[in-house]
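Side-chain atoms are counted along with the backbone in the values below, which use heavy atoms only and exclude waters and symmetry mates. So you know, we letter chains A, B, ... as the sequences are listed, proteins then strands, and number each from 1.
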Protein chains: 2
Amino acid sequence: MAKRKRRPRRAPNTPPLDSRTRILAAATAEFALRGFAATTVDRIAAHARLNKAMIYYHFSSKQHLYQIVLRTLFTSVGDVLVQIAHSPLAPDQKLDHFVATFVTEGTARHQLAPIILREIAEGGRRLDEETFTLMAHIVRVMGGIVDEGRASGQFEPVDPILLYLTTVWPIIVYLATSPIRSALARIGHFDVARLDAPRFIEHLQHINRRALMPCTANAPSPTGVSS
Amino acid sequence: MAKRKRRPRRAPNTPPLDSRTRILAAATAEFALRGFAATTVDRIAAHARLNKAMIYYHFSSKQHLYQIVLRTLFTSVGDVLVQIAHSPLAPDQKLDHFVATFVTEGTARHQLAPIILREIAEGGRRLDEETFTLMAHIVRVMGGIVDEGRASGQFEPVDPILLYLTTVWPIIVYLATSPIRSALARIGHFDVARLDAPRFIEHLQHINRRALMPCTANAPSPTGVSS
DNA sequence: GTCTATAAATAGATAGAC
DNA sequence: GTCTATCTATTTATAGAC
């Protein structure tokens, strides 16, 4: 039965969003929830409290709308991470920050992880050159940090691509599983708290530190960059 | 819906597969390639060189067919990994084996990774209890290895769930990106060889060893379990 | 800019011949 | 067991009123 139509959710004294913005927000949410193919334009319209025709007034096609959603998401997260690389921190601190920021940023934009996962599953067939490059930026950011750490002698040799694989993707999956974390805990018979963000961040930082740095430097970071 | 009669398994030298087997193979391939929603029953039928009606003769719905595909895939891979846990190897060797086997097994069944990624992106909403439990087995396998290593004093403390996150998921993503690995290398301006399976396996084993074991034990495993 | 109505194509699923 | 033909619902996209 129709259980629906709860009226969202705008903070008081906030101006109403224009239709294009509402559509983009609704599309991001729906695409993240169901994927491109399973998302209907009708649903996006309903979510945005608009008619379907309005979507085609603002965007030429469902495909096009999806493309804009992707670029927006990837750009915003990428920008934050690039800033870390340009910060004046030491390489190991940058890496810790990279991990912590990716987790918190990805939590705030909870649509990012499921969308990325589906694109990977798709073999990147839906990504245009620009979006592809946007994703490659993240690898480059990590590469830069590694190079820096190598040059200063702080890091041991490691291939940035491999470090990227073992750092970024656990984060993405961690983020994507957040809606079902309690269900997972129930089935696996463990406490959900074992999967809370600070612990996860600390674990990732820990294994990266031990992977990259000599034993003597493996003590937990005293600055405690964990959120 | 009555339980269907089990077909006798065919000897390996009997070439023609029966229609049910052909449908399952085709469905696995198509679901892996496009995901559940974007895969049409017509396409599966064409892939299996059969008519659409044949699919509904063997399976009650597209959903049902997908469910069987999932269970078959997860069971086969899960079985192999459980065997490792029961082998007489030392915990660190088991962990190395786990990584290497997951990569080779997942490469052989290349449909596994994209399908799992999409289910994660879906938030597990399409997984029934049984399939869910199948996935949880893998966590338990890792947990068992960790417990063993802890008991013998070989491993330092680590939460198995977190180790699972940082071990299994880079593998899944590694497997899923294999079709576009050369494209990624071209865009990222690096040699594809840097991402070949033995190197990736060695990297994962390396960081796990360093994450879990005291510094003195961090030398590469002499047995060279890498494929 | 926003809506209703509808076209046009396609999808899952079934009937029924052989 | 396998096929053709078809039913029905859904979906992307557009026309056109206001």
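Contact annotation: B:Ser19 reaches the phosphate of D:dT2 (side-chain N/O to OP1 or OP2, under 4.0 Å). Contact annotation: B:Tyr56 does not reach the phosphate of C:dT14 (side-chain N/O to OP1 or OP2, under 4.0 Å).
In this structure, A:Ile55 places its CD1 atom 9 Å from P of D:dT12, rounding to the nearest Å. Taking atom CD1 of residue B:Ile23 and atom C1' of nucleotide C:dA13, one finds them 14 Å apart after rounding to whole Å. A:Lys62 has its NZ atom 8 Å from the C1' atom of D:dT11, to the nearest Å. Rounding to whole angstrom units, CG of residue B:Leu50 and P of D:dC3 are separated by 5 Å. Put simply, NE2 on A:His58 is 13 Å from C1' on C:dC3, counting in whole angstrom units. Rounding to whole angstrom units, CD1 of residue B:Ile44 and P of C:dA11 are separated by 12 Å. Atom pair B:Phe59:CZ and D:dT2:P shows a separation of 12 Å (rounding to whole Å applied). To the nearest angstrom, P of D:dA9 lies 16 Å from CG of A:Asp42.
In this structure, of C:dT2, D:dT12, D:dG1, it is D:dT12 that holds the atom nearest to the side chain of A:Thr40. Counting only heavy atoms from C-beta on, A:Ala53 has its side chain closest to D:dA15 among D:dT12, C:dT2, D:dA15. Distances from the side chain of A:Asn51 to the nucleotides D:dT12, D:dT4, C:dT4 place C:dT4 closest. In the set C:dA13, C:dT2, D:dA13, C:dT2 carries the atom at the smallest distance from any side-chain atom of A:Met54.
Comparing A:Lys52 and B:Arg49 against DNA chain D, the residue whose closest nucleotide sits nearer the 5' end is B:Arg49.
A cation-pi geometry, defined here as NZ or CZ lying under 6.0 Å from the six-membered ring centre and within 45° of its normal, does not hold between B:Arg118 and B:Phe31.
Summarising the geometry of A:Leu163 relative to B:His203, their closest heavy-atom pair is N-NE2, 3.8 Å, with the distance given to 0.1 Å. When all heavy atoms of A:Leu89 and A:Glu148 are compared, the pair lying nearest together is O-OE2, 4.0 Å.
Here the CG atom belonging to A:Leu184 is positioned 7.5 Å from the CG atom belonging to A:Leu195, to the nearest 0.5 angstrom. For the atom pair B:Ser19 OG and B:Tyr57 OH, the distance stands at 8.0 Å (nearest 0.5 Å).
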